[in-house]
Amino acid sequence: MADDEPSFEKIVANLHREDPGFTAAFHEQRRPPGRVPLIIGVVLCLVALGMLAFGGVKGAVLSVLPWLAGMAFVLKGRG
C-alpha cells in the first residue's frame, strides 16, 4: 500500500504538468482580497491616532477600539 503513494503522486504531477486546467478543476477558486476592507482598516487606524493625539486620557483609552477594529480590517484586506 505504501508503494502506491509515490506512484500516485507521480501520476498527479504528470497530469498537472500536461494539463494544468484539469487539476485546477479540483481546487477551489480563491477570490483575491478586496481593497475595501484595507481602506476601512486604514481609516479606522487614522481615527484611533486622532483620538490618541487630541482626546487626552479618555481619547487614549477609547482609541484602542478603533485601532483593533482597523487592524482586523487591514489583515482581512491583505488576505
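Remember, it's a predicted structure, so these values are computed and weren't measured experimentally.
Under the rule for a side chain to side chain contact (heavy atoms under 4.5 Å, CB included), the partners of Leu62 that lie at least two apart in sequence or sit in another chain are Met51, Lys58. Taking Ile40 as the reference, Val36, Leu44, Phe73 meet the side chain to side chain contact (heavy atoms under 4.5 Å, CB included) condition, with sequence neighbours excluded.
Taking each heavy atom of Leu38 and Val74 in turn, the nearest pair found is CD1-CG1, 4.0 Å.
Using a 4.5 Å cut-off between side-chain heavy atoms of Ile, Leu, Val, Met, Phe, Trp and Tyr, Val64 falls into a hydrophobic cluster with Leu68.
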